[in-house]
Structure formats: C-alpha cells, structure tokens
Amino acid sequence: MSDVVTRFAPSPTGHLHVGGARTALFNWALARQLGGRFLLRIEDTDQARSSADAVTGILADLAWLGIDWDEGPSFTTEDGRRLGGDPRDVGPFFQSERRDLYDAALARLIEADLAYPAFESGEELDALRKQAREEKRNFRYRRPADFDREAARARVEAGEPHVVRFRMPEAGVEVEDAILGPVAFGEDQVDDFVVRKRDGFPTYHLAVVVDDEAMGVTHVLRGQEHLNNTPRHKALQQALGFRVPIYAHLPVIFNADGSKMSKRDKDKAARVAVKEAMAVDEAAARAQLAPAVDAATLERWLGDKKSQLASETLAALASKLGGELPGIDVEDFRRGGYLPGVLVNFLALLGWSPGEKEADGRDLERFDAAYLAAHFDLPRIGKGNARFDRAKLLAFNQESLAELSPRSFQEEHASWLARYAPELAKQLPEDRSALFASAMQPRSRTLAEPTAADGPGAFALVEDHEIDLDEKAVAKFLRKGEPSGAALLAEFRDTLATLEPFAPEALEAAAGAFAEARGIGMGKIAQPLRVAVTGKAASPALGDTLAILGRDAVLARIDRCLAEIGTAAPTG
RNA sequence: GCUCCCUUCGUCUAGUGGCCUAGGACGCGGCCCUCUCAAGGCUGAAACACGGGUUCGACUCCCGUAGGGAGCGCCA
C-alpha cells in the first residue's frame with residue numbers, strides 16, 4: 001500500500017448531497033488508483049447543526065454507492081461487509097472527539113504569538129464589514145498595531161468571552177492546485193481569521209488542518225467553493241510546521257437551469273405543489289397532507305420561504321400529492337429507483353472523463369466503479385462548472401436496467417419494492433412476478449416506474465373493478481368499426497375462457513388466429529382487449545398483459561367493460 | 001463592491017498548434033420495424049463567447065472585453 005491518503009469529510013447536517021457524493025467518489029477513486037487509503041472523517045464542530053442520524057444516513061448513502069472507506073467510523077453494509085476502523089491509530093474520526101488535538105495546536109500558535117484573542121462582538125464586526133463594503137474594499141480583520149498581549153491575556157483570564165484569531169502572514173500566498181494550476185492571493189485578500197470560536201470549538205479551518213496532518217492526508221479533493229480557503233490552510237500548515245497536501249478543487253455542480261443545486265430546491269418544489277393543491281381545494285389538500293405533517297408546521301413552512309422540512313417529510317408530502325421532488329440527495333435517487341452504479345458513473349462524468357474511445361469510435365462513457373478505480377486521474381478533471389442533466393442520468397439508468405439479465409432485473413426490482421413500497425409487493429402474485437418484471441424491463445427507466453400510479457405496470461396492481469376506462473380509447477377501439485371492437489371482444493372472450501395454457505405465446509397465437517380467421521388485422525382485436533383489461537390504449541405486449549393478469553382477472557375485466565359500455569355480450 | 005476561478009452543440013464532454021469539413025453521449029427532429037406503449041435499427045439539425053495579438057498555421061498560446069460561478073461567517 002502506498003502512502004497516499006485521501007479523505008472525505010462531510011459535516012453531518014443531513015443526507016448526502018450528490019455534490020458531496022461526487023467529492024467522496026473522486027477522493028475514493030484517487031486513493032484506489034494510487035493504491036492508497038481512503039478515509040472518512042465527520043466534521044461535527046458545529047454543534048447546533050450536527051446530528052447522529054445524519055451521520056448514519058451519510059454512511060449508508062456512501063455504502064450504497066459502493067464508496068467504501070478504509071478508515072473511519074465503523075459501519076456494516078446491508079450485505080454484511082464491515083467498513084471503517086482504525087488500522088493506523090489516527091482516530092477518532094469525529095472532530096468533536098478530537099478537541100485536545102486542536103487545543104494543543106492552538107496553544108502552540110498562541111505561545112508563538114501566531115494567534116491571539118479578539119474580543120469584538122458580532123455586531124461590531126458587522127459594522128466594520130458594512131463600512132468596508134461602502135468603501136468598496138474587501139473587509140479584512142488584522143490585529144491592531146497597538147495590540148497589547150499582556151492586556152489581552154488578562155482579559156481572557158478574567159473570563160471575558162473571546163475568539164482566537166490566527167495571524168495571517170502579511171505577504172500574499174500562492175497555492176498550487178492540481179487542477180487549476182498556481183493561484184495567487186494578494187496580501188490584501190487574506191485576513192486574521194478565527195481559529196477558535198467563542199464556544200471553545202475550533203473552526204473548520206483549524207480542525208481540518210490539524211486532522212489532515214494527524215491523519216497523514218496527502219491529497220485533498222474538494223469543491224471549488226473552498227479554493228479561497230486554501231491560502232488560510234496553507235498558512236496555518238506552515239505556521240504549525242505541517243506538510244502541505246496536494247490540493248485539487250473540483251468544479252461545482254448546478255441544476256439544469258443554472259441555479260446552484262441545493263436542498264432548498266426540494267422545499268421549493270414541494271411548496272409549489274402544496275400551494276397548487278390548495279388552490280384547487282384547500283380543505284381536501286389539508287386533509288390529505290395531515291398525516292404527513294401537522295398543521296402548525298405546515299403553516300410555518302408555507303409562510304417562510306427559507307424554512308426547510310426534513311427530507312422524509314418532504315417525500316411524504318410529495319407522495320400524498322402524487323408529485324415528484326427534484327433529486328438532490330443520494331437517498332432521493334435511491335428512492336427514485338436508480339442503480340448505484342449508474343449514479344456513480346454519471347457523477348464521475350460530471351467533471352472527469354476517461355478520454356478513451358470505444359472500438360466503434362464513440363467516446364467511452366459508460367463504466368463502472370472498478371474502471372474508475374483503475375483509471376481515475378487528476379489531470380483529466382475539468383475546470384468548468386457542470387450542470388446536472390437529469391435526462392441523461394435517466395437514460396443511463398434505463399440503459400443499465402435494460403442490460404440486466406431478466407433475473408437480475410427482477411431481483412433489483414423486488415428489493416426496491418421491499419424497501420420503498422412493501423404494500424405493493426404483496427399485490428404481485430409470486431408466480432406472475434417474473435412475467436411482470438420481464439414486461440416492465442424495457443419499459444422502465446427506473447425501478448420505481450413499474451409500480452408508479454401512472455406507470456406501465458399500474459394495470460396489474462389494481463383490483464379489477466378499479467380500472468378506469470379511458471373514454472377516448474373506448475370510443476376509438478370498442479365502439480367504432482363494423483363489427484365493433486366490443487362485438488369482436490365479446491366473441492373472443494369465449495376463446496380466452498378455455499385457452500390452455502394461459503401464457504403469452506399461446507395468447508398471442510390465439511389472438512393472431514382469431515384475427516386471421518376474420519380477415520382483420522391483429523390490432524382490431526388486440527386494442528379492444530387491451531382497453532378492456534387495462535383501461536388504456538397502451539400496455540405491454542398483448543400476451544404479456546393478459547398473462548400477467550391471469551385468466552380470472554381478464555374475463556372479469558372484459559365482462560365489466562362490456563357491461564359498462566352497454567353492449568350486451570352475445571355468446572357463441 | 002472587492003478578490004479568485006471558469007468559458008467547445010440546449011446539456012455533459014473529446015480536443016494539449018497542422019490529424020477539425022470540430023468527434024461522442026443525452027435531449028430534440030425524421031424514417032424503418034410494429035397489435036398499442038416501450039425497446040431496437042437507420043438518419044438529421046445543432047457549438048469553438050467576442051475582439052486583438054503571437055505564428056507559415058490557432059479550438060488549442062498571450063492580452064483585453066463580455067458572460068457565468070465562488071468566496072468575502074465565531075457554517076463547513
């Protein structure tokens with residue numbers, strides 16, 4: 001194993017976002033490619049926003065994607081693999097448990113007069129920032145020339161609230177970025193930033209630098225929003241005598257419309273959906289949503305555009321309204337029926353490309369995690385920001401689903417169903433679920449589609465009497481023609497009543513023979529039948545559609561349909 | 001406002017001075033297949049932000065302009 005160590009260091013404030021997932025993926029891939037280690041560290045120095053549930057969620061999201069960490073919090077995957085651990089004894093991996101390390105670094109800095117206490121209040125600083133802006137310059141805090149070390153120490157000892165600031169070198173800092181090249185920051189750009197908060201916790205800057213050193217991190221791949229932090233980190237590393245890791249700043253991922261991808265997008269979409277539903281019928285909408293969220297919370301959320309609801313609550317609201325939320329978190333895509341390998345593939349392409357051609361001259365762009373682990377490199381990471389194109393992701397997922405063996409598709413679908421729609425899983429009789437799966441496979445872009453209310457498999461998941469006959473389809477295929485579709489249907493019913501076996505090939509052959517005997521096209525009998533048993537003019541192949549339903553349901557639906565459209569079923 | 005970063009089809013990208021009549025993928029259009037919907041096959045439209053240099057030659061190098069993004073927190 002090489003000395004290379006990369007890391008992913010999320011703060012546990014919610015589910016893993018796709019942007020974070022890509023950062024994790026690239027760090028993972030680089031470690032694998034270089035034969036090093038990939039470690040996970042939880043940055044929970046913001047006590048107010050961190051939660052244990054979020055930690056578990058993030059670990060599960062990473063594990064599902066197949067991004068396994070060599071060191072970090074222990075976790076057992078669904079298939080029983082153990083991740084994490086501390087073979088080099090560099091833990092713990094929660095920053096909240098590493099405070100003595102930060103305190104020691106802080107003490108060294110203060111001792112060397114490289115850090116000092118500052119007593120300004122938030123309001124005072126705000127005023128200074130405002131003033132700087134009015135004077136069209138960048139606000140930067142610098143230690144006053146008349147700073148009195150002894151006096152400051154006395155105030156600290158007297159218990160006066162304060163932060164500790166790092167004395168940024170007066171000279172500018174140039175950082176070397178593996179993707180962007182050298183980036184120079186002028187001396188008027190960097191200031192004496194806070195390294196210890198009023199509550200005694202270190203800031204991100206201090207913690208990250210101390211931890212990366214202690215954990216032997218050699219490469220840091222992170223979002224480009226951190227580029228401006230790099231001079232601070234480098235200065236801190238130099239002040240503490242630490243090594244400077246290789247930095248690489250990744251382009252940012254945006255929504256298709258160019259806005260920044262954020263968790264708020266989900267609240268935004270849900271708020272629109274809720275308001276629309278209320279505009280139609282407010283009382284009904286409220287009643288519908290009541291089980292998902294209590295009235296007071298709903299009111300508050302609706303009133304404050306900046307407020308956010310928990311991911312789960314949002315998902316519940318959307319499902320009550322039959323809508324869909326934009327996928328932002330890894331979990332959203334899992335629930336949405338995406339394959340983890342597809343998400344990994346797609347995310348990898350957002351900012352990196354293999355630069356290889358397939359044998360037929362097309363660019364290589366479909367690859368798995370193993371390929372990434374073998375070929376990933378820093379120089380091929382792009383510099384420009386990328387937009388998250390859901391349509392392309394969907395197309396990738398559909399393609400991957402189609403490539404699965406029928407059996408694998410069935411298994412994937414079953415496990416998705418067990419996790420996200422267990423009540424629907426019961427409606428598919430064991431002996432027909434394979435048939436259902438194979439009919440759904442080429443018609444599904446996600447694992448969620450087969451059983452979606454308006455999906456290609458919906459006809460098989462409702463009771464016979466719940467079929468809504470589409471009026472247009474009925475008019476076109478049942479009422480029209482001479483003889484009418486209904487008449488042909490009534491005639492063909494008898495064949496169906498006794499046909500053996502009641503299986504796709506036999507059913508199609510019977511329909512074909514029926515049509516041929518009457519000198520009509522296959523469609524003349526197929527469409528009336530299809531409308532009668534599914535209510536719609538479109539469904540899987542006729543034989544599959546009928547076989548999935550089974551003889552009893554088919555006959556019941558035909559009878560009900562004929563009765564409903566007022567055509568007596570002549571026998572014989 | 002200040003500082004930093006970025007800029008090839010609508011989107012993701014290939015392209016490292018002549019291989020470019022700028023390639024691929026998604027999306028979009030057309031045709032074929034067909035009992036419907038899908039799937040599949042074939043096919044079409046679609047880009048080097050702009051202006052100056054450098055060079056025999058610029059998508060590729062340099063400068064400027066425009067546009068986009070990020071940061072300017074006792075958040076990470």
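Protein chains get the first letters and strands the later ones, always in sequence-line order, with residue 1 at the start of each.
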Touch class at under 4.0 angstrom, heavy-atom based, for A:A184 against every strand present: sugar-phosphate
Length of the line joining A:R443:CZ and B:C35:P, which is rounded to integer Å: 14 Å
Salt bridge A:K392-A:E365, side-chain N to carboxylate O under 4.0 Å: yes
Among B:G23, B:C35, B:G69, the one nearest A:Q527 by side-chain distance: B:C35
Spacing of A:L401 atom CG relative to B:A38 atom P, expressed in whole Å: 17 Å
A:S539 side chain to A:R530 side chain, donor-acceptor N/O pair below 3.5 angstrom: yes
Presence of salt bridge, A:D199 and A:K197, under 4.0 angstrom: no
P spacing across the pair B:C59 / B:C9, given as an integer number of angstrom: 15 Å
Whole-Å gap separating C1' (B:C12) and CG (A:N255): 15 Å
Pairwise P distance for B:A58 and B:G53, with rounding to whole Å: 11 Å
Quiz item: cation-pi between A:R99 and A:F201, 6.0 Å / 45°: yes
G-U wobble or Watson-Crick pairing nucleotide for B:U65 (cut-off 3.5 Å, both distances): B:A49
Minimum-distance nucleotide to A:E365 side chain [options: B:G24, B:U7, B:C35]: B:G24
Touch class at under 4.0 angstrom, heavy-atom based, for A:T45 against every strand present: sugar-phosphate
Expected output: side-chain A:D61 to main-chain A:L16 donor-acceptor under 3.5 Å: yes
A:R129 side chain near B:C74 phosphate (N/O to OP1/OP2, under 4.0 Å): yes
Separation between the P atoms of B:U7 and B:A49, rounded to whole Å: 9 Å
Pairwise C1' distance for B:A22 and B:C72, with rounding to whole Å: 40 Å
Aromatic plane relationship, A:F346 with A:F396 - under 30° parallel, 30 to 60° tilted, over 60° perpendicular: perpendicular
For atom CD of A:E508 and atom P of B:U36, their distance in whole Å: 12 Å
Sugar-phosphate, base or nothing in reach of A:H226, heavy atoms under 4.0 Å: base
Closest listed nucleotide, where the reference is the side chain of A:A541 and the choices are B:A14, B:C5, B:U36: B:U36
Distance, P atom - from B:G27 to B:U21, rounded to whole angstrom: 30 Å
A:R380 CZ - B:U16 P separation (whole Å): 10 Å
Sugar-phosphate, base or nothing in reach of A:L227, heavy atoms under 4.0 Å: sugar-phosphate
Sugar-phosphate, base or nothing in reach of A:R165, heavy atoms under 4.0 Å: sugar-phosphate
A:D192 with A:R167: basic N within carboxylate O range, under 4.0 Å: no
Nearest-nucleotide pick for A:S11, side chain only, options being B:U7, B:A14, B:A76: B:A76
Under 3.5 Å on both distances, the Watson-Crick or G-U partner of B:G1: B:C72
Sugar-phosphate, base or nothing in reach of A:E399, heavy atoms under 4.0 Å: nothing
A:R387 CZ to B:C6 C1', straight-line distance once rounded to whole Å: 13 Å
Touch class at under 4.0 angstrom, heavy-atom based, for A:D199 against every strand present: nothing
Distance in angstrom units between A:L250 CG and B:G69 C1', rounded: 15 Å
Per A:M522 side chain, nearest of listed nucleotides B:U36, B:C35, B:A25: B:C35
Sugar-phosphate only, base, or nothing, as touched by A:R530 at under 4.0 Å among non-hydrogen atoms: base
Sugar-phosphate only, base, or nothing, as touched by A:P10 at under 4.0 Å among non-hydrogen atoms: nothing
Nearest to side-chain heavy atoms of A:T203, which nucleotide of B:C74, B:C26, B:U7: B:C74
Sugar-phosphate only, base, or nothing, as touched by A:G382 at under 4.0 Å among non-hydrogen atoms: nothing
A:T446 side chain vs A:G337 backbone, donor-acceptor pair below 3.5 Å: no
Distance, P atom - from B:A38 to B:A45, rounded to whole angstrom: 25 Å
Touch class at under 4.0 angstrom, heavy-atom based, for A:F477 against every strand present: nothing
Touch class at under 4.0 angstrom, heavy-atom based, for A:V194 against every strand present: sugar-phosphate
Check: B:C6 base within 3.5 Å donor-acceptor of A:Q224 side chain: no
Selected nucleotide, minimal atom distance to A:F185 side chain, candidates B:U7, B:C4, B:A70: B:C4
Sugar-phosphate, base or nothing in reach of A:Q398, heavy atoms under 4.0 Å: sugar-phosphate
Nucleotide nearest A:F396 when distance is taken to its side chain, options B:U36, B:C6, B:A25: B:A25
Distance below 4.0 Å between A:K197 side-chain N/O and B:A76 OP1 or OP2: yes
P atoms of B:A25 and B:C33, separation to the nearest Å: 24 Å
Touch class at under 4.0 angstrom, heavy-atom based, for A:R140 against every strand present: nothing
B:A14: pairing nucleotide in any strand, Watson-Crick or G-U under 3.5 angstrom: none
Donor + acceptor pair across side chains of A:H249, A:T230 (<3.5 Å): yes
Inter-nucleotide P distance (B:A76, B:G71), Å rounded: 14 Å
